Structure formats: structure tokens, C-alpha cells
Amino acid sequence: MADTVKLVWDDKTYELPVIVGSEGEKAIDISRLRQDTGFITMDPGFANTGSCKSAITFMDGEKGILRYRGYPIEQLAEHSSFREVAYLLINGELPTRKQITRFSVLLNDHSLIHEDMRHFFGNFPRQSHPMGILSSMVNALKSFYPYLADTEEEIDIIVTRLISKVRTLAAMSYKISRGHTVIYPRPDLSYCENFLNMMFDSPVRPYEIDPDVVHALSVFLILHGDHEQNCSTSAVRLVGSGRVNLYAAISAGIAALWGPLHGGANQAVIEMLGRIDRKEMTINEAVERAKDKNDPFRLMGFGHRVYKTYDPRTKIIKQVCDRLLTKLNINDSLLDIAQTLEDIAVNDEYFISHNLYPNIDFYSGIVLRAIGIPTSMFTVMFAIGRLPGWIAQWKESMEDPEWKLNRPRQIFTGPQIRDYVPIEKRTVKV
Ligand code: ACO
């Protein structure tokens, strides 16, 4: 393969270097394009723009492949735990016994929240969305834990502190929003067990930890661990590129994840299925509305910027969903609606020709409902899962010698230079 691409303009030829990744992905290096030719590139939505080189996650949207640090998502979901996957994403290798023990000790040591932070929760209006609260609280961590690290060991502590405290903050915000007693983390419980216990234990009704629920939660979090340069991860990298602290960069990622076209889709799917269940629309109406160009309605949980085939995570979460509902003996009408909707959509010409398949969010909400997580907390659950990925990407960008302040360009389409008009001489253009 040639190692340059030729760009011909006005009888001049420019040679642009080709970059090839370890899985054969190709890119044209345009970093000198403006300097050498005066051109910038235009790519709204960045669908064809590589913003960095990364060794963390590989995905192939045409073949439906997802790997973290080379390990297929299917193997990680089957054999690993969320704690181990978090370690893998951040450090690049699966941990040894000694390494995972140290990681677990750090997670336990840093699981408590500064007591003064609890007062914040009480001051958010009752109906505040938990994603807004989480984003604010993570940003506030910098004020409570101002010391940021330089050495590798200190970075380990900050990273584990964040992973551990986000879980505590999420459970605490739920308990406080319901006016319930806050439950503190316990050192004898694993990461997922602790989260479930903090969410659902109560002084009058002890929570019984079910290993199948723990497994379902662990797989849910693993599947959300990282997804290369998606909207929220790009937000973390972009905000982080100004050399802001880790907490502020992650807070930006949480805000980006909140949107219904991104992480908020899991909540939007359940709301859509709920509308069908309450007979506010039929399944066929939902499908027809999604196909209508004059209707902004979309089938939530369908389609993906990169996957143009079945999302590999959807197969896994669907299996987890079936197993969990059977084990807990739950008959969720939303699952029946989801399955019928999927059957109709994947056989419909519009969805086939647009390469629209169910994404992970289509079934993940049903798993979360079965666990007992309220719908308003769904995107928070996604954020807990995505946190190791955000941290890994932030760390990689900080260590990258080629890394620069992120600052895209634009093509200006506004008015050309004109003279200031005093207010008494201004007229309204109709
Ligand atoms: N329902 C109906 N039509 C859709 C859908 C959908 N869910 N998704 C895309 N389309 C159609 C668009 O109308 C468009 O049609 P056209 O070419 O005839 O005009 C075409 O497919 C391409 O759509 P784009 O929005 O340009 O595709 P993009 O890659 O930008 O969108 C996205 C990806 C945002 C995920 C989109 O599929 C969507 O809105 N899905 C619903 C929300 C959702 O489930 N989001 C979760 C994504 S996964 C995640 O972030 C965890």
C-alpha cells in the first residue's frame, strides 16, 4: 500500500501521509494541510475524523466487533468482572492476583464521601435529574480532594478514588432523593455488591444480595466500559486537552452522556416502550412514525453512528436480560413489546436499508428495571460503567507526546465586515 495520498489542486500536487492502525484501519494525515495548502477539511459530526491514535478499544462497525485492549467483549462479559475490566482499560493489561488485590483495597479505602458533600444533595430541587447532580458532584470533588498527582502511584489513587466515589455518590443521590437513610459502603463487599447494597439496603429491611443480580449488573457495566471516541469520551478528551483536572473532564463527559441521542437513550427506550404499554401508541404506529421524514420521532434504542450491523453488546445484554427475568420470575410486558418491535423493525425495508439495528440501550433498561433501578437513574448507571473508559482515554491523552489543545476550525458563513449602526438608525429586516 502506498504510504501517501495525492491531493491535486490548481495543477499542484500535495502528498499527504497515510497512517495505518494495528487492525489495518487507514487514515490520511492532514495535520499540515492548512499550513501547506490553505485548506481545512469539513466533516460535520466528525463521522470521518480521527481525533487521536488510541490503543484502548477497537471496534468494527461493519462486522460488529468490540474489543477492549485486544480482548473480545464476549470473552470479557463471560469470564471477567467489572473491577477487572476497569483495571484492564486503565492499565492496558489484565491484572495479576497481587495487582487486583491492591486495586480492590484502594477501591475500598476511597469509597467514602466527605461528609460535607452530603449537604449538597439536600439543596438540589427534588425533581433534579440525577445526571445533573452527578456531573456537579464529580466536579465538586476537586474542591474536596484538591491534591492532584504526578507519580504513577498517586495517579492510581486518584483514579480509584473517582471510580469508587462515583458509585457511592450515585447510590447516595438515590437514597437522599427518596428521603431514605444513606447506606455506607462495606469493605467486605465487591464493587457491584456494594453498589446494590448502598442502593437497596435499609435499616428496617436488609437487602439480600443475589449473585445473579450482581452478575447482571457486572455484565451491564462491562458492556458500557468503553466505546472509543464517542460523544462523551470526546468531550472528556476535548475538555481535558485544556489540561483541566480529571474531575472536571469527567464531569464534562457525564454532561455529554446525558443526552437522549447518547447515554440518555436507555431512559428514552423505557419511556417509549411504556407509552406503547399504556396504549398511547401501537407498535406499528411507532414504526411508521420513525419512518416518517416529517416526524421527529425516532425508534429509541435503534441505530448507531458506527455499528451498521447488530451491536455485539446487544446480543449479550439480551441474554443477560432473559436469564435475569427467568431467575427473578419477572414477567415484564415491556420485554414482550421490545421483542415484537425488534422483530418488526429488523424485517422492515426502511430499517434494513438504513442499517438500523437495536443498540445496547434497547434491552439494557429492562435489565436495570429488573434489578430495581428507577428509570431516572439509568443514565447514571451508564456513567458508572463508562467511567473506566473515560479515565483510560484521559490518561492516554495526557501521556501522548503528540497531544495538543483540541481546537477545531470552521468555515465562516456570517456577514462580511460592515460598519456599526447607531440604534436610532436601525431598521428591522422583514
Ligand atoms: N429511528 C428512525 N430512523 C433513524 C433512526 C432511528 N432510531 N436512527 C437513524 N435514523 C435514520 C435517520 O432518519 C436518517 O435517515 P435519512 O438518511 O433517510 O435521512 C439515517 O437513519 C441516518 O441517521 P443519522 O442521524 O444521520 O445517523 P447518525 O449516525 O448520526 O445517528 C444515532 C446515530 C444518533 C444513534 C441515531 O441512530 C439515533 O438517533 N438513534 C436513536 C437514539 C439512540 O438509540 N441512541 C443511542 C445510541 S448508542 C449510545 O450512545 C450508547
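It should be emphasised that the depicted structure is a prediction, and the values quoted were computed from it without experimental measurement. Below, each value reflects all heavy atoms present in this structure, side chains not excepted, and no hydrogens, waters or symmetry copies.
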[Y] side chain reached by [X] side chain, heavy atoms, under 4.5 Å:
X	Y	answer
R243	M398	yes
T4	L16	no
V5	E15	no
V20	E25	no
H110	K165	yes
Y71	V85	no
E285	E280	no
K291	D348	yes

Given the side-chain rings of [X] and [Y], with only the six-membered ring counted for Trp, is the space between their centroids under 6.0 Å?
X	Y	result
H262	H227	no
F82	Y191	yes
F302	F351	yes

Problem set entry | From CA spacing to verdict: side chain to side chain contact (heavy atoms under 4.5 Å, CB included), L88, L76 | CA-CA 10 Å; L88 168 72; L76 292 171; 4.1 Å; yes
List the steps, then state whether side chain to side chain contact (heavy atoms under 4.5 Å, CB included) holds for R32 with Y14.
CA-CA 11 Å; R32 289 189 51 86; Y14 303 93; over 6 Å; no
If we ignore angles and hydrogens, is there a donor and acceptor under 3.5 Å between the side chains of [X] and [Y]?
X	Y	value
T96	Q99	yes
R178	Y174	yes
S136	N139	no
S104	R83	yes
D43	T41	no
S333	N331	no
T379	N266	yes

Report yes or no: does [X] contribute a side-chain atom to a donor-acceptor pair with the main-chain N or O of [Y] at less than 3.5 Å?
X	Y	result
N108	P187	yes
T314	Y310	no
D210	E208	no
D332	L334	yes
T49	S51	no
S164	R161	no
Y145	I158	no
S80	A77	no
H354	Y350	yes
T160	D156	yes

Interatomic distance, [X] atom [atom1] to [Y] atom [atom2] [nearest 0.5 angstrom]:
X	Y	atom1	atom2	value
I371	I366	CD1	CD1	12.5 Å
I73	I316	CD1	CD1	5.5 Å
I222	R313	CD1	CZ	13.5 Å
I113	T168	CD1	OG1	5.0 Å
L106	S111	CG	OG	11.0 Å
S135	H129	OG	NE2	12.0 Å

**Prompt:** Does a sphere of radius 6.0 Å around CZ in R205 hold more than 12 heavy atoms from other residues, nucleotides or ligands, not counting ones at 6.0 Å or beyond?
**Reply:**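 No, the 6.0 Å shell around CZ holds no more than 12 heavy atoms from other groups.
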- Parallel, tilted or perpendicular: rings of F200 and Y207 (30°, 60°):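 Tilted, since the angle between the ring planes falls between 30° and 60°.
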Checklist entry - How are the rings of H114 and F144 set relative to one another: parallel (under 30°), tilted (30 to 60°) or perpendicular (over 60°)? => result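 Judged by the thresholds at 30° and 60°, the geometry between H114 and F144 is tilted.
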How far apart are the closest heavy atoms of [X] and [Y], and which atoms are they?
X	Y	value
Q229	S54	NE2-CB, 4.0 Å
S173	F121	CB-CE2, 3.3 Å
V239	A252	CG2-CB, 3.6 Å
N197	L189	CB-CD1, 3.7 Å
V182	R118	CG2-NH2, 4.1 Å
H224	D361	NE2-OD1, 4.4 Å

Cationic N near anionic O, under 4.0 Å, [X] to [Y]:
X	Y	result
E342	K318	yes
R69	E93	no
R67	E23	yes
K53	E402	yes

Next item on the list: Kindly determine whether N230 and T233 satisfy side chain to side chain donor-acceptor pair (under 3.5 Å), including the steps that lead there.
Entry: CA-CA 5 Å; N230 58 84; T233 301; 2.9 Å; yes
ask   = For I270 and R369, what are the C-alpha separation, side-chain angles and deciding distance, and is it a side chain to side chain contact (heavy atoms under 4.5 Å, CB included)?
value = CA-CA 9 Å; I270 292 297; R369 263 162 70 92; 3.8 Å; yes
Determine, step by step, whether M272 and M281 satisfy the side chain to side chain contact (heavy atoms under 4.5 Å, CB included) criterion, reporting the C-alpha distance in whole Å, the side-chain angles of both residues, the deciding distance to 0.1 Å, and the verdict.
CA-CA 9 Å; M272 178 186 75; M281 67 178 164; 4.1 Å; yes
Fill in: Pi-cation contact, W403 with R237 (under 6.0 Å, within 45°)
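Satisfied, under 6.0 Å and within 45°.
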